[in-house]
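First the structure, in the form of structure tokens, and then the observations on it.
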Protein chains: 2
Amino acid sequence: MKINKCLDCNIKSVAAQYLSEDELTHLQNQCASVDFKPGEVIFKQGALSSNIIYIKRGLVKLHIQGPHREQIIKITKSPKYLGIPTTIHEKINQYSATALEPTSVCFIDIETFKNFIYNNGKFAYEIVVDLCQNELKTFKQCVNRTQKQIKGRVAEAILFFSNDIYNNDEFILPLTREEFANLTDTSRESVCKTLNEFHVDKIIELDSKKIKILNRKLLETISEKG
Amino acid sequence: MKINKCLDCNIKSVAAQYLSEDELTHLQNQCASVDFKPGEVIFKQGALSSNIIYIKRGLVKLHIQGPHREQIIKITKSPKYLGIPTTIHEKINQYSATALEPTSVCFIDIETFKNFIYNNGKFAYEIVVDLCQNELKTFKQCVNRTQKQIKGRVAEAILFFSNDIYNNDEFILPLTREEFANLTDTSRESVCKTLNEFHVDKIIELDSKKIKILNRKLLETISEKG
DNA sequence: AAATAAATGTGAAATATCTTACATTTTTAC
DNA sequence: GTAAAAATGTAAGATATTTCACATTTATTT
């Protein structure tokens, strides 16, 4: 755990770009940078929430323990604030965050963060915008998850990694089949079957965790039609 | 459409309670109060978004047109801001809002609202808190919807109306069976069957739209176990 | 390097839910 | 007040998905 130099940080959030030199100096004293390996828990559902997390580098899953299984509610990469909803106005974390790839995060003191909202309107506005876009994404995701059937949900997840995370037709899936099932709201077995079906139909190339999109058009159609 | 007197308004939002007299005077000139009957659309998915909505009185459903059916993503009663996510930083409404009961709302000019966030830290903070709590609720709801089976989801919806909307064991369901299905992510027929099952099992009393909870404990168990 | 644990693949049976089809009731419009 | 439209109820067959059971591969530990 080392103290980070916020003033010189070149991976600031949009909101933090509106902080003054004085505010950044203050942040520097109330903020710690920590590294996580894949699989390591950043914060845990049920634990006391005390810091806002800022992902500087890496990939993280947010997950909730549901009545029947673990559910991945969101996968998010840097740069991004994490856990604002579960820290502001909540004593206990309502969900967990776990690193999927080597990840560096800043732990920001909640009072410092609150004071920025109180005293810096541009910072506050950017945080509001970020929260709003989160909610819109969550709505859409919820509609997708509940209305599409498995093929559509798996296709959507593949496109998500390709478009939103790796910007590449080819990527290494950062999840086990079990986790992929928790993301697509289905069973491990159904994920295996569906991925292999896509493989047989030459929609994707599949070599354990390596996925390459071969027929993007068709994948998009499957994702949209559900 | 009449101009509302914000200064004298006794159903201000928590955030608006932090507005100064000057700010309220300004709001008064940039804000219009409108009444809606049940079934009337307040704003529509796909239309240009231009105002923040504040529900002064009534009950509203937020709904999205999904790939296969209409989905009710949220039911919310006064006092509450609506459509912040779909108005801030978005040009087009990402979802619709429709009145379920006689409803009065204020249309607040987006620039006025933005300026309050920029210039009034306490107002901004309350908006952030509200958005955070929305996101947490949406997460939980999404987990419930995707993991529970029909009985659990219907039980949950009945408890929602009883606990969160009407604060009463007995209430008139403000939805058709079709809408109830759109809320619980199932078909109209399955809703009918499940409600009648609960009725036969003496968990609820059911007379078309009138519902009375007879066995709350059991209903809660069904809701939790899914 | 061997042994153990974890992850993955695959088919068949079990099950929840949807769809279809139609009867009945309630609401709305003229 | 009657006709038309919308909403509701109910059963049976169709279907998507899960669960179970087990084989196989890959990773981890000693």
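Quick note on labels: first sequence line is chain A, next is B, and so on, each numbered from 1. Just so it is clear, the model here is predicted, and its values are computed rather than measured.
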Checking dT10(D), dT19(D), dA16(D) against the side chain of Q149(A) (C-beta onward), the nearest is dA16(D)

* State whether the number of non-hydrogen atoms from other residues, nucleotides or ligands found under 6.0 Å of K140(B) atom NZ is greater than 12. => no

N/O donor-acceptor pair, side chain R177(B) with base dG9(D), under 3.5 angstrom:
no

Just to confirm, is there a sub-4.0 Å distance from OP1 or OP2 of dA7(C) to any side-chain nitrogen or oxygen of K209(A)? no

Separation of dT17(D) atom C1' from K151(A) atom NZ, nearest Å, is 13 Å

K148(B) atom NZ is separated from dA16(C) atom P, nearest whole Å, by 17 Å

Here the distance between atom P of dA12(C) and atom CD of E189(A), to the nearest Å, is 15 Å

5'-most contact on DNA chain D (nearest-nucleotide basis), C192(B) vs D185(A), goes to C192(B)

Here the distance between atom P of dT8(C) and atom CD of E197(A), to the nearest Å, is 19 Å

>> Regarding T186(A), tell me which of base, sugar-phosphate or nothing describes its non-hydrogen contacts under 4.0 Å with the strands shown.
In response: sugar-phosphate

Atom NE2 of H199(B) and atom P of dT10(D) are separated, to the nearest Å, by 11 Å

To the nearest angstrom, the CZ-P distance between F180(A) and dT8(C) comes to 12 Å

Crowded around K74(B) NZ? As in, over 12 foreign heavy atoms under 6.0 Å?
-> yes

Whole-Å distance, N182(A) CG to dT8(C) P, equals 12 Å

Testing dT10(C), dA21(C), dT17(D) for proximity to the side chain of N196(A), the answer is dT10(C)

State yes or no: are the ring centers of F113(B) and Y81(B) separated by less than 6.0 Å? yes

Rounded to whole Å, the NZ-C1' distance (K193(B) to dA7(D)) equals 17 Å

Side-chain atoms of R69(B) come closest, of dC18(C), dG9(D), dT18(D), to dC18(C)

Does K61(B) have more than 12 heavy atoms from other residues, nucleotides or ligands lying within 6.0 Å of its NZ? yes

(message) Please classify the nucleic acid contact of S190(A) as base, sugar-phosphate, or nothing, using heavy-atom distances under 4.0 Å.
(response) base

- [ ] Please work out if S187(A) contacts a base, only the sugar-phosphate, or nothing of the nucleic acid, heavy-atom cut-off 4.0 Å.
- [x] base

Using the ring of each side chain (for Trp, its six-membered ring), is F161(A) parallel, tilted or perpendicular to Y166(A), with breaks at 30° and 60°? parallel

